[in-house]
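See structure below.
Letters A, B, ... mirror the listed sequences (proteins, then strands); counts begin at 1.
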Amino acid sequence: MPELPEVETVVRGLRNSIINQTIEAVDISDKQLRLPYHLEMVPILRGKKITDITRYAKYIIIHTNSIYKLVMHLGMSGRLTISGLANKEKHDHVVFKLSNTQLIFNDARRFGLVALVENLDNSKLFSHLGIDPFASEFTWECLYNLTKRSKSLIKSLLMNAKCIVGIGNIYATESLFSAKILPNRVASSLSEVEVVLLYQSIIEVLSKAIDSGGSTLKDYVHADGNIGQFQNSFRAYGRINKLCYECNHIIQRIQIAGRSSFYCANCQK
DNA sequence: CTGAGATCCTGTCTGC
DNA sequence: TGCAGACAGGATCTCA
């Protein structure tokens, strides 16, 4: 679910509310997430102070005054929220009791993960990941190099975390619409001009989505429980059979790599 | 090696 | 109203 803008929004929300708080207890449910829990996190984190919260790809990293970092991924339906209420909700899998509130990891579909990591650089979770769109090394030339040597479809490439991290189905769809490039084009067929347009579209779409607090389709909420607003700015995603805002042709849907892709056959070439 | 498809899991919505 | 089937922000494994 949450793509880069949603994760970034959650991280910013947490940064504003739980830095300097102490983890007093960790309560782990019996339902497994994507990977087995590191149960040793319960004693290790007890009494530790939260010093910073950062994002690495779609992972949320909670730094403490111990050598370990708490790493979380929201999968498709994960929520990471702050709540003063003690009552447990369905699908609350890990609850961190803090000085004067609770940090709650809730995930209906359990595709997410909560892990303890000592060294981020050595972690298997991150070793294969591609470039972050907001890293200074991510330039249009960098994107061009990726497309040139790829035989996959451009939308698959954008969503492939081994190439670029953080872009999922929504933002791949919106970026391609904005750049007027069909999602089922072979990546290596894109011209330099098209790649420049696509690069600019990715940065613009992601930036606007972050400014809007991300997109809420169903499960995603901010750390404070509020929903995102970027879903109101979608120009292609989910707009099947509706009129294209640019040219009034019908928005169509195709499946690419098993995911719905929405596009305007008139605008996108 | 690469890329497409299936898979993990639960909830919600649509159509019969 | 009930039930089957499709579909949903991701990542990873398997197979061709």
Side-chain angles (χ1 to χ4, degrees), chain A residues 1-11 29-37 55-60 71-81 89-93 105-115 123-130 132-133 146-175 183-189 202 205-206 209-210 212-222 227-234 236-241 253-262:
Chain A
M1 87 114 305
E3 305 180 38
L4 188 150
E6 289 74 34
V7 177
E8 180 65 27
T9 302
V10 169
V11 165
S29 82
D30 51 356
K31 296 262 190 172
Q32 288 292 311
L33 298 177
R34 199 176 90 213
L35 295 175
Y37 293 110
R55 177 183 65 77
Y56 192 104
K58 293 178 193 171
Y59 291 85
I60 296 162
V71 173
M72 305 196 214
H73 194 291
L74 301 177
M76 290 278 244
S77 56
R79 299 173 164 187
L80 192 55
T81 53
E89 304 254 331
K90 199 173 182 186
H91 307 305
D92 282 353
H93 297 304
F105 184 93
N106 177 294
D107 185 4
R109 292 175 72 182
R110 291 190 272 130
F111 291 168
L113 99 97
V114 177
S123 171
K124 239 175 72 183
L125 291 173
F126 310 124
S127 57
H128 62 281
L129 290 179
D132 190 294
L146 287 171
T147 59
K148 263 302 141 202
R149 56 186 152 93
S150 171
K151 286 177 194 150
S152 58
L153 305 183
I154 185 61
K155 179 157 177 279
S156 298
L157 182 146
L158 294 180
M159 292 175 63
N160 184 348
K162 287 180 190 146
C163 302
I164 305 166
V165 298
I167 304 177
N169 203 23
I170 289 177
Y171 299 111
T173 297
E174 291 295 314
S175 298
N184 57 353
R185 283 272 300 279
V186 172
S188 58
S189 76
I202 289 168
V205 165
L206 292 178
I210 291 172
S212 304
S215 308
T216 295
L217 296 187
K218 199 170 94 54
D219 298 303
Y220 164 72
V221 294
H222 300 175
I227 66 168
Q229 292 302 323
F230 193 71
Q231 67 279 7
N232 301 315
S233 302
F234 289 167
Y237 186 87
R239 300 197 65 247
I240 184 168
N241 291 334
R253 176 170 75 174
I254 49 168
Q255 292 273 122
I256 295 175
R259 319 303 292 271
S260 286
S261 295
F262 305 89

**Request:** For residues Y220(A) and H222(A), establish whether the separation of their ring centroids is below 6.0 Å.
**Result:** yes
**Message:** Main chain of A57(A), side chain of R55(A): is a donor-acceptor contact present, judged purely on distance under 3.5 Å?
**Reply:** yes
**Request:** Report the relative orientation of the aromatic rings in Y59(A) and H73(A); use parallel for angles under 30°, tilted for 30 to 60°, perpendicular for over 60°.
**Result:** perpendicular
**Request:** Identify whether any heavy atom of T216(A) sits under 4.0 Å from a base atom; if not, whether one sits that close to sugar-phosphate; answer base, sugar-phosphate or nothing.
**Result:** nothing
**Prompt:** Atom CG of D219(A) and atom CG of L74(A): how far apart are they, to the nearest 0.5 Å?
**Reply:** 10.5 Å
**Prompt:** Taking for each residue the nucleotide of DNA chain B with the nearest heavy atom, is it F111(A) or H91(A) whose nucleotide lies nearer the 5' end?
**Reply:** F111(A)
**Message:** Just the rounded figure in Å: distance from C1' of dC9(B) to NZ of K218(A).
**Reply:** 12 Å
**Asked** Of all the choices, dT10(B), dC7(C), dA11(C), which nucleotide is nearest to the side chain of R109(A) once you look at every atom?
**Response** dT10(B)
**Residue K90(A), side-chain atoms from C-beta onward, closest of dA8(C), dG11(B), dG3(B)** = dG11(B)
**Prompt:** How is R149(A) classified with respect to the nucleic acid when contacts are heavy atoms under 4.0 Å: base, sugar-phosphate, or nothing?
**Reply:** nothing
**Prompt:** Out of dA4(B), dT10(B), dA11(C), which has the shortest distance to the side chain of R34(A)?
**Reply:** dA11(C)
**Item:** Whole-angstrom distance between dG5(C) and dT7(B), as gauged at atom P
**Value:** 16 Å
**Prompt:** Is H128(A) near enough to dT12(C) that one of its side-chain N or O atoms lies under 4.0 angstrom from OP1 or OP2?
**Reply:** yes
**Message:** Using only modelled atom types and a 3.5 angstrom limit, is any donor from either the side chain of R259(A) or the base of dG5(B) paired with an acceptor on the other?
**Reply:** no
**Item:** Side-chain donor-acceptor pair present, K155(A), N169(A), cut-off under 3.5 Å
**Value:** yes
**Prompt:** Do any N or O atoms from the side chain of E6(A) and from the backbone of G214(A) form a donor-acceptor pair under 3.5 angstrom?
**Reply:** no
**Request:** Choose from dG3(B), dT12(C), dA11(C) the nucleotide whose nearest atom is closest to any side-chain atom of K151(A).
**Result:** dG3(B)
**Message:** Starting the side chain at C-beta, find the nucleotide from dT10(B), dT12(C), dG10(C) nearest to H73(A).
**Reply:** dG10(C)
**Request:** Name the closest nucleotide to the A108(A) side chain, picking from dA8(C), dG11(B), dA4(B).
**Result:** dG11(B)
**Asked** Looking across every strand, which nucleic acid part, if any, lies under 4.0 Å from G258(A) by heavy atom: base, sugar-phosphate, or nothing?
**Response** nothing
**Request:** Could you check which of dT12(C), dG10(C), dA4(B) has an atom nearest any side-chain atom of S156(A)?
**Result:** dA4(B)
**Item:** For DNA chain B, stems built from three or more consecutive Watson-Crick or G-U wobble pairs below 3.5 Å
**Value:** B:2-8 with C:10-16, B:10-16 with C:2-8
**Item:** Minimum-distance nucleotide (side-chain atoms of Y237(A) versus dA8(C), dA4(B), dG10(C))
**Value:** dA8(C)
**Item:** Spacing between I240(A) atom CD1 and dA8(C) atom P, to the nearest angstrom
**Value:** 10 Å
**Request:** State whether the side chain of K162(A) and the backbone N or O of G130(A) hold a donor-acceptor pair below 3.5 Å, judged by distance alone.
**Result:** no
**Asked** Closest to the L153(A) side chain: dG3(B), dT12(C), dA4(B)?
**Response** dA4(B)
**Prompt:** Does any N or O in the side chain of E174(A) come within less than 3.5 Å of the main-chain N or O of Y237(A), such that one atom is a donor and the other an acceptor?
**Reply:** yes
**Prompt:** Roughly, in whole Å, what's the span from NZ in K162(A) to P in dG10(C)?
**Reply:** 16 Å
